[in-house]
**Student:** 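Before anything else, here's the structure in question.
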Protein chains: 2
Amino acid sequence: MVRKPTSKETARKPNMREAILAAAEELFATNGFNAVSVRDIAQAAGANPGSVTYHFKTKDGLLLEIYRRHCGPMNLRRSELLAAARRVRDLQDRLEAVVRAYVVPAFTSGSDLAGGGARFTRLRAVMSAEGNEVARKIIAQTFDDTSHAFIDAIHESLPHIPRTDIVWRSHFLLGALYYSLVTPDRVSRLSRGEADGSDAASAIEQLVQATVAAFQAPALDQAAPMRRRPVVSSKT
Amino acid sequence: MVRKPTSKETARKPNMREAILAAAEELFATNGFNAVSVRDIAQAAGANPGSVTYHFKTKDGLLLEIYRRHCGPMNLRRSELLAAARRVRDLQDRLEAVVRAYVVPAFTSGSDLAGGGARFTRLRAVMSAEGNEVARKIIAQTFDDTSHAFIDAIHESLPHIPRTDIVWRSHFLLGALYYSLVTPDRVSRLSRGEADGSDAASAIEQLVQATVAAFQAPALDQAAPMRRRPVVSSKT
DNA sequence: ATGTGATTTGTACTATCGTACAAAAGATCA
DNA sequence: TGATCTTTTGTACGATAGTACAAATCACAT
C-alpha cells in the first residue's frame, strides 16, 4: 500500500500553521511581543484566533516555535561559513572572512524562507530589548556556543588581543547588527538620502569593514601608548 | 510678606510625581512600554493608580515627560563636550575626544539624577526596538540635530572618508552603545566572568577604543585595494 | 458514500488593561 | 478657624487581553 504522506509530514499545501508563523514573526519583529495580540496575528494570517491556540497552545509557544524554526538552519549556515573561513591562510583575510561568516547569515538566510534571516534577526533584537523570558532562555542555550566559536576564531586571527577585548568588540558587533535591522530608516535620514539603510548588501559591507577595523584596534591595556591617558580610566 | 515658594515651584519635599517618573523610567527601561501597566508603576512608586492619571493624564504622557526630563540636560552636556572636543588640535586625538563626547553622557549623566543617564539611554534603546510612536517622534526631533553635529565633527577629523560611511559607522556606534546597556550580562557570560558588562567605565573605554578604530577604517570604495573583492558587492 | 481523525470556526470566560471621576485628605492663607 | 486649591484615594467602566472548548468543516482511507 502506497501511503500518501499526511499533511502533518508534507506541509505541501498552503498551510495555515505556516501562515500564522510568518505573520507572527513579522508582527513581533516590528512591534514587539507584548504589543501584538493573538487576534492581530490571526487576522494578519487570515486565520481564526482559536486556530493559534490549536497549533501552538499559547502565545509563548508560538514564539518558541518561531525560534525553533530558525535557530537550527541559521547556526548550521554559520558553522559552515565559519569552517570555511578558518581555512583562509592569511590572518587578515581570515579575520574578515570570519566576521563575514557571522554577519551574512543574520541578514540573508537563517531558514528555508528567502530573505527571512533579516526578519528573524530583527525579531531577536526586539526580544532582547524587551527582556523577553522565552527568548532569553532559548538564545542563551542556542547561540552562546556559536558565539564562543566565533570569538575563538577571531582570537586566533588576533592572538595579541586579550580575549576580554574580543568579547566586548563582538558584543558591539552584535549590537550594531541588531540596530541596523531595527531602525534602518535612521541611516537614510542621517545621510540625507545618500545611503539606503534597508539595503542589506550595503549594511553588510559597511558592517564588515567597520568591525574588522574595530577588532584590529590595539588592546585596551596598551592603548594610547604615548598619548594622553583617557580621562576615565577603567582599571589600570 | 515673605511668600514661601509653592510646591509647584520647589519640589523640595519628597514628591510623588518624581517617584512615579523614576519608577516608570526603571520599569520601561527593563521591560518595555507595553509590558508595564500603570498599576505596576503606581505600585513601584508607592502611589495610587489614579495618581498617575492625575499627574500625567495618560500613559503616553508619562513617557513623554520622561523624555522631556532627560533630553535637554543630556544634549546640553553633549554640546559642551563636543565643543571642547572640537578644540583639540591633533586630528587623531580630536576624533577620540569627539567619540568620547558622544558616548560618555549616554552612560553617566543626562539629567540631575546621579547615574540616570544609563537608565535613560537604555530606555531609548528599548523604545526604539519596540517601535514606540511617542519615542520615535521626540527622538527624531530632539536627537537628529545632535547626531548631525557629531557626524560633522567626525567628518572633520576624517576628511578622506565619505560622509555616507561616517553615517553608517556612527549608526553602528549607537547600536553598540544601546546593546551594551540592554544586555550587559551577555558580556559577563561570554567572557566567562573575566569582564563585567555592567561596569560603565569599562564599557566606555572599550566602546571608544573600538569605535575610533572603526571610524578610521579605509572607506568602502577604496577597501580591499589589492585583495580579493567582497563576495557580495554593494553597488560598484 | 461514509466514517474518522485533523483542522477551523465561533463564542464565551476570566483577568487585566487604560482611564475617568467623585470623595477624602492635605496644604495654604485670609 | 474656615475657605480654597492641590493632591491622593478608591472605585468603576468599557475595551481588550489570553485562552478554553464545543460545534462545524475538511481531508481522506476504506
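So you know, we letter chains A, B, ... as the sequences are listed, proteins then strands, and number each from 1.
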**Student:** Parallel, tilted or perpendicular: which one describes the rings of A:Phe150 and A:Tyr102, with boundaries at 30° and 60°?
**Tutor:** perpendicular
**Student:** Sequence neighbours left out, what pairs pass side chain to side chain donor-acceptor pair (under 3.5 Å) with at least one residue falling in residues 30-39 of chain B?
**Tutor:** B:Ser37-B:Asp40
**Student:** Taking only residues two or more places apart in sequence, or in another chain, which ones meet B:Asp152 in a salt bridge (Lys or Arg N to Asp or Glu O under 4.0 Å)?
**Tutor:** B:Arg163
**Student:** What is the distance, to the nearest angstrom, from the CD atom on A:Gln43 to the C1' atom on D:dT16?
**Tutor:** 14 Å
**Student:** Report the distance from atom CG of B:Asn48 to atom C1' of D:dT7, rounded to the nearest whole Å.
**Tutor:** 11 Å
**Student:** Who are the side-chain contact (heavy atoms from CB on, under 4.5 Å) partners of B:Ala84, not counting sequence neighbours?
**Tutor:** B:Arg87
**Student:** Which residues pass the salt bridge (Lys or Arg N to Asp or Glu O under 4.0 Å) test with B:Arg136, sequence neighbours left out?
**Tutor:** B:Glu133
**Student:** Taking 4.0 angstrom as the limit, do B:Arg100 and B:Glu205 come out as a salt bridge?
**Tutor:** yes
**Student:** Between A:His55 (NE2) and D:dA20 (P), how many Å, whole number?
**Tutor:** 16 Å
**Student:** Using the side-chain contact (heavy atoms from CB on, under 4.5 Å) criterion, which residues pair with A:Ala125? Sequence neighbours excluded.
**Tutor:** A:Tyr178, A:Val182
**Student:** Calculate the interatomic distance between B:Tyr54 atom OH and D:dG10 atom C1'; express it in whole Å.
**Tutor:** 17 Å
**Student:** Tell me, what's DNA chain C's dot-bracket, Watson-Crick or G-U with both distances under 3.5 Å, | for other-strand, [ ] crossing?
**Tutor:** ||||||||||||||||||||||||||||||
**Student:** List in numerical order all residues of residues 126-138 of chain A for which some heavy atom is under 4.0 Å away from an atom belonging to DNA chain C.
**Tutor:** none
**Student:** Starting from P on C:dT8, measure out to CD on A:Glu18 and report it in whole angstrom.
**Tutor:** 11 Å
**Student:** Which residue pairs pass the ring pair (Phe, Tyr, Trp, His ring centres under 6.0 Å) test when at least one of the two sits in residues 31-52 of chain B, sequence neighbours left out?
**Tutor:** B:Phe28-B:Phe33
**Student:** Within this structure, what is the CD1-to-C1' distance between B:Ile20 and D:dT9, rounded to whole angstrom?
**Tutor:** 12 Å
**Student:** Taking only residues two or more places apart in sequence, or in another chain, which ones meet A:Ser128 in a side-chain hydrogen bond (donor to acceptor under 3.5 Å, both in side chains)?
**Tutor:** none
**Student:** Write out all pairs satisfying ring pair (Phe, Tyr, Trp, His ring centres under 6.0 Å) with one or both partners inside residues 40-60 of chain A, taking only residues at least two apart or from two chains.
**Tutor:** none
**Student:** Can you tell me how far P of C:dA6 sits from CG of A:Asn15, to the nearest Å?
**Tutor:** 15 Å
**Student:** Does anything in residues 139-149 of chain A pair up under salt bridge (Lys or Arg N to Asp or Glu O under 4.0 Å), and if so which pairs, sequence neighbours excluded?
**Tutor:** A:Asp144-B:Arg189
**Student:** Do any N or O atoms of the protein come closer than 3.5 Å to N or O atoms of nucleotides 14-18 of chain C, and which pairs are they?
**Tutor:**
{"unit_1": "C:dC17", "atom_1": "OP1", "unit_2": "B:Ser37", "atom_2": "OG", "d": "3.4"}
{"unit_1": "C:dG18", "atom_1": "OP1", "unit_2": "B:Lys59", "atom_2": "NZ", "d": "2.8"}
{"unit_1": "C:dG18", "atom_1": "OP2", "unit_2": "B:Val38", "atom_2": "N", "d": "2.8"}
{"unit_1": "C:dG18", "atom_1": "N7", "unit_2": "B:Arg39", "atom_2": "NH1", "d": "2.8"}
{"unit_1": "C:dG18", "atom_1": "O6", "unit_2": "B:Arg39", "atom_2": "NH2", "d": "2.9"}

**Student:** Rounding to an integer number of Å, can you tell me how far A:Arg17 CZ sits from C:dT9 P?
**Tutor:** 16 Å
